[in-house]
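Letters go in sequence order (proteins before strands), and every chain restarts at 1.
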Amino acid sequence: MGCPISGLLIIKSEAIVYNPLMKRVLIRLLSVFITLFVLSLMVFLMIEGSLGDSSSLLLSEDAGEREIELYSQMRESGPFFVRYLSFLASFFSFDLGYSANGLLIAPMILSALRITLFISFSSVLISLVISLLWSLFASVRDGFSYRALEAFSIFISSLPSFVISLFLILVFSLKLRWFPTSGYVRIGDSFLGFLGSLFLPILVLALMHMSLMLRVFRSSFRSNLGSSYSLVLRSEGAKGVRLSFLTSFRESIPLIASLSADSLASSFSGSAVVESIFALPGVGSLLVSASLSRDFRLTGSILMVVAFLSSIFYLLSEFVAFLSDPRERRAR
Amino acid sequence: MKRILPFLFALILLASCDRVSHDEGLVRIALSSEPPTLDIMINPSLSGRLMLLRNVYERLFEIDESGEMDMVLSESVEFGEDKRSLSIKLREDVYFHDGSKMDEEDVVLSLNRWLDKYKTASDYVHGARFYSIGDYSVEIDSEGSLALFPYFMASSSQSAVIMSRESIENENLGLVVDIVGTGPFKLESYSKGEKAVLTRNMSYYGTNDEILGISDSQDDIVSRLEYYFVPEALTRRIGLESGAYDAIGDVMSYDVAAFEDNENIALLGEEETGSIALVFNKRSSLGSNSLFRKAVSLSLDFDALMKSCYGESGYVVDSNYMDSTEPLFRLSGDSIYSERDLERAKSLIKESGYNGESFRILTSNLSNMDKIAVYMKSALQEVGVESEIIMLDWAGMLEARKDESLWDIYISAFTSVPLPSMKSYLMEDFPGWIDRNDAERVEEVLNSDSLEEASLKWSEVQRALWESLPVIVPGHYTTVYALDSSLDGVEMIDGMPDFRSSHYKK
């Protein structure tokens, strides 16, 4: 038997190797790091290959070439790989350094992230609740509910987010005067003002998510109704929405988790347009302004943070899918 | 769920009622762009100066409309013998926003930093430095005449403002990040990508009375300025119309007519704030050919060119290099190559030896400047010149124009400057690379003992430049601001709205 401690270690390592959940966690964590590594390299190469740097924008037209050169040297100096490794090291030590205009990056991203995360989570939550309920009703009947769902879904998916935003501003801000047209109110200044300032952006994003969720959920619920499990339930007297719910709910958890993660991740990339129209200081608008001003470190940091969060969302969705599906758990 | 729904509905309604009310002491201004940095000594962007110059940071003196010096942080200015030295007596009752008293050391440090960062000014004083002579006075001596130097100090877009010693010593990456000035407003907060908030400095020195004294009741005076960064023109417009903003910048030409019909909105500022310049590459075969340059100018309809960029309004067609904000340097005439003449253009092209090579137009997608390039391409096609457009974003264009092998002409917008020698495209080492002779003639304008003398010298130089055409200026743009019409006391200074004395009509 040998040393009890080494025996314990063996048992533990076996548990890690043969526990499918742990195996998945390790594989996914590894893939998160690989994603971040590849992304960071791509960002770096992209910025290296692009014309211009922040000095051209920060300095005046009247600044001589000599001043611009001195200024550039003051910022990122040294060979490509040295700068790249320094960037990676600062990211993983959570010290993101300073942006091109001398401000600390970490608080800047945190402040923007709070807004984007709030509107992203809220919009996904709202779209999930509405889409699930609507899809349940539409899955049992081919009548008005289904046709309305189809029409709504196609209509919304054919409209760009800025058109939806402008339409909502016209109706809710200019005509009804219920919500401000743009701007952000901090939660500390006024809680109701905070909700009011974010309501329309959340609604726009929720509508965008719903256009996909409605079609996918309805189709999934509908196909589940033809399963043998559904027939058993039907023979036991279940029918209508209750039948659809009982048949589909458990089955659909992996799908819900996966779509939610996808919507959350796409909220980050899609929020730039909405944030720009509603003048919200979120991650999307910060990324646009950082890349247009060739702020290398800020652009890279935002992309890395967004990629990291997106990976975490996908990771969580996999766990949920794994835990809710016995077939997955049994698989080795 | 049935209990939660009414609660949620009530919450949404309550939130919706919480619209920002019209606060008497607050002005919310939506700007189209955010300054790259708040260090206005380094970056001359209009948005940065609009927010901070005169509000937060002040200069030693200003130049008023009649060209007279208006003392701000200084009490008097004296020239030494031959105008080769300049001594400035400072006010002794000025405090920075951090509570420290302004002294000679702050002023010397600030002005020498300005000289370090602003090549044109440094060249003008031949590398001289400011130094303290005690008794709240500073001085500078130069090898050349300093007659126009106060003008430089009072009006350069890289602003010669006075910053606190601590803020300069704490600069980060070469930029001042602690915004501590002496002005009637102090920076309360700055949130990148969102807004900058200024609040009234209640312990402002002397001239506060003048600013606060514009109304009988001090309660009327605006005590808080909030500058929002709103790049979308439509969002700015809707925001003003709905009352979310009290003033907006960069009003689009197509919005001007709508605002003119709206009695709740007043328009401000039709002044020229800069010019469009088509800068030839004097190091490329086509750009260095004087006959070809003239042919290009004759092939263009300047009005159509400006319209392609600005629409029906928002510009003035005039080939003067200087803007109308500097009347002393504005000639009444026009370039003889500014009237479109296709036949003459064709004959000049033939004479120039043009052999069908592609004329490369470098432009950026900033502020519709790419549309000017599209117009130029079609106009040049009419006279038989093949051209190609190289379109990049602004930062890319700034980088690409440094490479003389990439382009033959570039399109850019240049903000107003008070002296011709401050026009960067008239400097020898600036992309475009003007001939040494032309650059020297421009520099010579500075060696004048008075503005009048400089004006006379410039009129000769301008005529010569209209003949050699290193740069075509087809017109000047105006920046229009729109305000809530109940807001009073907003004046335009140097093409920027000044809200220091603003107040709401009762």
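The aromatic rings of W178(A) and F172(A) lie tilted to each other, with the angle between the two planes from 30° to 60°.
L176(A) does not touch chain B: none of its heavy atoms, backbone or side chain, sits under 4.5 Å away. With a 4.5 Å cut-off on non-hydrogen atoms, I277(A) touches chain B through its backbone and its side chain both. Only the side chain of S289(A) comes within contact range of chain B, with at least one heavy atom under 4.5 Å from a heavy atom of that chain. For L104(A), no part lies near chain B; criterion is any non-hydrogen pair under 4.5 Å. Neither the backbone nor the side chain of L170(A) comes within contact range of chain B, judged by heavy atoms closer than 4.5 Å.
Of the charged side-chain nitrogens involved, at least one lies within less than 4.0 Å of a carboxylate oxygen, so that R224(B) and E226(B) count as a salt-bridged pair.
The closest side-chain donor-acceptor pair between D39(B) and T37(B), if any, does not fall under 3.5 angstrom. Defined by atom type and a distance below 3.5 Å, a donor-acceptor pair is present between the side-chain atoms of Y245(B) and S182(A).
At most 12 non-hydrogen atoms from other residues, nucleotides or ligands lie less than 6.0 angstrom from CZ of F162(A).
Between Y425(B) and Y321(B), the distance from one ring center to the other falls under 6.0 angstrom.
Residue with the most contacts toward chain A among V176(B), I238(B), V230(B), L38(B): I238(B) (heavy-atom pairs, distance under 4.5 Å). Chosen from A279(A), S276(A), S285(A), the residue pairing most often with chain B at heavy-atom distances under 4.5 Å is S276(A).
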